[in-house]
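Heads up: the structure comes next, in structure tokens.
First listed ligand is number 1; within each ligand, the first listed atom is number 1. Just so you know, these numbers use all the heavy atoms, side chains as well, and skip hydrogens, waters and symmetry mates.
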Amino acid sequence: MQELPMDLETFKRWNIGDIRVTRVLELPPTAFDPAIFIQATRDDVLAHNDWLCPSFTTEEGDIILHFQSFIIEAGGKRIMVDPCIGNDKPRGHPLLDRLDNPFLERIERAGFPRESIDYVLCTHLHVDHCGWNTMLVDGEWVPTFPNARYLFARGEVDFAQAETDGDAPAIFADSVKPILDAGLADTVDPGDAIVEGVTLKATPGHTPHHCSIVLTSRGEEAIITGDVIHHPLQAALPHISSNFCWDDATSIATRRGILEHAASHDILLLVAHFAGSSGVTVKADGDVWTVEET
Ligand SMILES: [Zn+2]
């Protein structure tokens with residue numbers, strides 16, 4: 001595991017018609033042995049390194065991952081998607097444990113003080129997608145975004161609460177339960193529009209009720225895909241899932257569906273863990289795909 005240099009104060013932005021999306025990183029880009037995250041070897045990476053390196057992989061065949069949030073501005077509202085890992089949270093993995101990062105200062109510098117967020121939307125409730133739901137104040141976990149409604153896909157809260165492995169009970173206790181207790185949570189369903197042009201799409205597999213977010217405006221479309229795909233290598237090898245998927249077969253079918261849809265309709269994908277610009281277009285290559293940064 002190796003952190004790579006990057007100016008984290010340079011905020012990548014996309015316009016999808018009248019909708020604007022801003023990317024804010026929590027951690028520097030980090031290089032990992034691929035087998036830690038996805039069901040792939042270094043040789044699998046090296047076989048595709050002509051198009052993966054240097055944005056998405058190192059010359060040695062490590063995969064580079066981002067940990068970041070996307071903030072949507074649409075219909076006069078601000079929607080924080082997947083608020084990362086969070087500070088001060090006791091976690092089993094050293095990458096995640098008791099962080100002390102200026103993420104809130106960073107989103108403020110990007111133009112989004114935490115009080116200005118209208119909605120928080122978690123694609124799912126894993127450790128790196130819901131951490132900043134809360135922050136530690138005087139020994140208590142309190143909602144980080146006090147003026148926001150927190151939107152959870154139907155069934156995902158129950159799924160997260162029932163998880164007993166590893167850090168799951170701690171994640172639920174410090175990052176989900178305080179939101180429920182504060183009365184700030186709303187349940188949403190696939191097909192629901194959060195505001196005009198921002199619609200939830202069921203993308204199960206990584207978790208059973210995992211949702212992606214479809215952005216449409218003035219004939220343009222983008223999808224924020226959460227953990228449907230973790231690394232661009234999975235476009236070329238879509239049968240490779242992450243090591244953290246609830247159901248690999250469902251995950252593969254969902255991933256193929258999104259890649260096929262993006263390639264055939266020229267849709268921008270904004271991907272939680274993709275390094276480089278994190279926004280890609282998809283090109284078909286037989287019955288698999290390649291991606292290009294945009
Ligand atoms: Zn993730």
Side-chain angles (χ1 to χ4, degrees), residues 1 3 21 23-40 56 62-71 80-87 89 91-97 99 101 103 120-134 150-153 156-157 159-160 163 165-168 170-172 174-176 200-213 223-235 238 240-248 250-252 254-255 258 269-276 278-280 291:
M1 193 170 91
E3 290 186 347
V21 180
R23 176 191 80 175
V24 181
L25 277 97
E26 182 180 42
L27 304 180
T30 306
F32 299 90
D33 185 311
I36 292 174
F37 272 90
I38 53 176
Q39 298 160 0
F56 305 119
D62 280 336
I63 60 171
I64 305 169
L65 297 180
H66 278 185
F67 294 85
Q68 59 197 355
S69 297
F70 294 105
I71 302 165
M80 159 67 72
V81 177
D82 283 350
C84 293
I85 300 158
N87 278 358
K89 301 197 163 176
R91 300 290 185 247
H93 193 285
L95 179 74
L96 311 172
D97 188 41
L99 300 185
N101 288 313
F103 181 74
V120 178
L121 182 47
C122 300
T123 59
H124 63 298
L125 296 173
H126 280 169
V127 61
D128 49 329
H129 296 260
C130 68
W132 276 110
N133 279 1
T134 60
Y150 286 68
L151 310 178
F152 301 132
E156 196 66 12
V157 169
F159 172 74
E163 287 278 273
D165 287 353
D167 287 337
I171 296 161
F172 191 85
D174 63 35
S175 302
V176 181
L200 292 183
K201 176 184 174 68
T203 45
H206 186 61
T207 63
H209 311 283
H210 184 287
C211 269
S212 295
I213 300 139
I223 308 178
I224 299 178
T225 57
D227 281 0
V228 167
I229 180 168
H230 285 74
H231 190 273
L233 178 63
Q234 292 170 281
I240 285 175
S241 286
S242 84
N243 297 330
F244 309 100
C245 284
W246 161 70
D247 184 88
D248 285 356
T250 312
S251 179
I252 292 163
T254 293
R255 186 158 46 253
I258 287 268
L269 300 184
L270 302 174
V271 188
H273 294 293
F274 276 20
S278 309
V280 296
V291 304

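- Note on H206: not counted as a metal contact of the Zn ion (ligand 1), no N/O/S atom lying under 2.8 Å.
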Handout entry: side-chain contact (heavy atoms from CB on, under 4.5 Å) between F152 and L125, intermediate numbers included
Key = CA-CA 9 Å; F152 301 132; L125 296 173; 3.8 Å; yes
Handout entry: side-chain hydrogen bond (donor to acceptor under 3.5 Å, both in side chains) assessment of D227 paired with H124
Key = CA-CA 8 Å; D227 281 0; H124 63 298; 3.3 Å; yes
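- Nearest N, O or S atom of D227 to the Zn ion (ligand 1): atom OD2.
- The Zn ion (ligand 1) lies closest to atom OD2 when only the N/O/S atoms of D128 are considered.
- The atom of H129 that is an N, O or S and sits closest to the Zn ion (ligand 1) is NE2.
- Taking the charged nitrogens against the carboxylate oxygens, D128 and R91 have no contact shorter than 4.0 Å, which rules out a salt bridge.
- The distance from atom CD of Q39 to atom CG of N243, rounded to the nearest 0.5 Å, is 6.0 Å.
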